[in-house]
**Q** 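There's a structure below that I have some questions on.
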Amino acid sequence: ATFTEVPKDVTVREGDDIEMPCAFRASGSTSYSLEIQWWYLKEPARELAHELAISVPGSRSKVIHGTRRCALLQTVRVQGNDISHRLRLSGVRRQDEGVYECRVADYSDDETQEHKAQALLRVLSRFAPPDVQAAEAVSHIQSGAAPRRHG
């Protein structure tokens, strides 16, 4: 069993629309009961690992531990060997920044198998130019300026 497509870290501007793909293929030829869940984790994964481990699987509401939050965004369930889903976010806001996790659960066996893939979403201010472009613009203006002549 393996991910055939995983979400990737992405940096966008406020107001942009994004899609995060997640696709998974179960091994073998038998039909599986597969479920994809998209979770939003406010903090990076390493800080949340303990809290996620004690959160209730399948919970449909926000799970709050101290000041950190994780929320179940979407669930898709299929019968078969393949499952995929694209998480779509429209008009991204600064507060959408954080880690998005695609969890795939395989309910075929007596013991449920869970697989996870994560991506970090960074959201830039709509009005702040990217650092590299700003530096290039400043150097271009300085080198392209004609000397003033006093007459």
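This structure is a prediction, so every number in the text was calculated from the model and none was measured. FYI, the numbering just counts along the sequence from 1.
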**Q** Give a yes or no on this: more than 12 heavy atoms of other residues, nucleotides or ligands lie within 6.0 Å of atom CZ of Arg94.
**A** yes
**Q** SG/Cys102 to CE/Met20 distance, rounded to the nearest 0.5 angstrom?
**A**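 Separation between the atoms: 11.0 Å.
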**Q** State whether the side chain of Glu14 and the backbone N or O of Arg93 hold a donor-acceptor pair below 3.5 Å, judged by distance alone.
**A**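 Judged by distance alone, no pair lies under 3.5 Å.
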**Q** Kindly compute the distance separating CG (Leu72) from CD (Gln37), expressed to the nearest 0.5 Å.
**A**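 Here the rounded value is 5.0 Å.
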**Q** Checking Leu87 against Gln74 for the side chain to side chain contact (heavy atoms under 4.5 Å, CB included) test, could you report, in this order, the C-alpha distance in whole Å, the side-chain angles of both residues, the deciding distance, and whether it holds?
**A** CA-CA 8 Å; Leu87 179 67; Gln74 293 180 331; 3.4 Å; yes
**Q** Sequence neighbours excluded, which residues qualify as salt bridge (Lys or Arg N to Asp or Glu O under 4.0 Å) partners of Arg86?
**A** Glu5, Glu19
**Q** Backbone N or O of Ala119 within a donor-acceptor pair of the Asp9 side chain at under 3.5 Å?
**A** no
**Q** Step through the shown structure and confirm whether more than 12 heavy atoms of other residues, nucleotides or ligands are within 6.0 Å of CD on Gln95.
**A** yes
**Q** Under 6.0 Å from the six-membered ring centre of Trp38 and within 45° of its axis: does the NZ or CZ of Arg103 meet both?
**A** no
**Q** Give, for atom CG of Asp106 and atom OH of Tyr32, the distance between the pair rounded to the nearest 0.5 Å.
**A**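 Going from CG on Asp106 over to OH on Tyr32, the span is 6.5 Å.
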**Q** Taking only residues two or more places apart in sequence or in another chain, which ones pass ring-ring contact (aromatic ring centres under 6.0 Å, His included) with Tyr100?
**A** Tyr40
**Q** Hey, quick one: are Val10 and Leu89 part of the same hydrophobic cluster, counting side-chain heavy atoms closer than 4.5 Å, chains of contacts allowed?
**A**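 Yes; tracing contacts between hydrophobic side chains, which count when under 4.5 Å, links both residues.
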**Q** Compare all side-chain heavy atoms of Val104 with those of Glu35 and state whether any distance is below 4.5 angstrom.
**A** no
**Q** Do you know the tightest heavy-atom contact between Leu120 and Gly98?
**A** CD1-O, 3.4 Å
**Q** Which pair of non-hydrogen atoms, one from Leu121 and one from Ile18, has the smallest distance, and what is that distance?
**A**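 That would be CD1-CD1, 3.8 Å.
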**Q** Applying salt bridge (Lys or Arg N to Asp or Glu O under 4.0 Å), can you list everything that pairs with Asp16, at least two apart in sequence or on another chain?
**A**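 Asp16 satisfies salt bridge (Lys or Arg N to Asp or Glu O under 4.0 Å) with no residue once adjacent residues are dropped.
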**Q** Working to the nearest 0.5 Å, report the span between CG of Leu41 and CD of Gln118.
**A** 6.0 Å
**Q** Can you tell if the side chain of Val92 reaches within under 4.5 Å of the side chain of Asp17, non-hydrogen atoms only?
**A** no
**Q** Roughly how far, to the nearest 0.5 Å, is the SG atom of Cys22 from the CD1 atom of Ile36?
**A** 4.5 Å
**Q** Between atom OH of Tyr107 and atom CG of Leu34, what is the distance when rounded to the nearest 0.5 Å?
**A** 10.0 Å
**Q** Does any N or O in the side chain of Asn81 come within less than 3.5 Å of the main-chain N or O of Arg25, such that one atom is a donor and the other an acceptor?
**A**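 Not at all, since once roles are kept as given, no pair shorter than 3.5 Å links the two residues.
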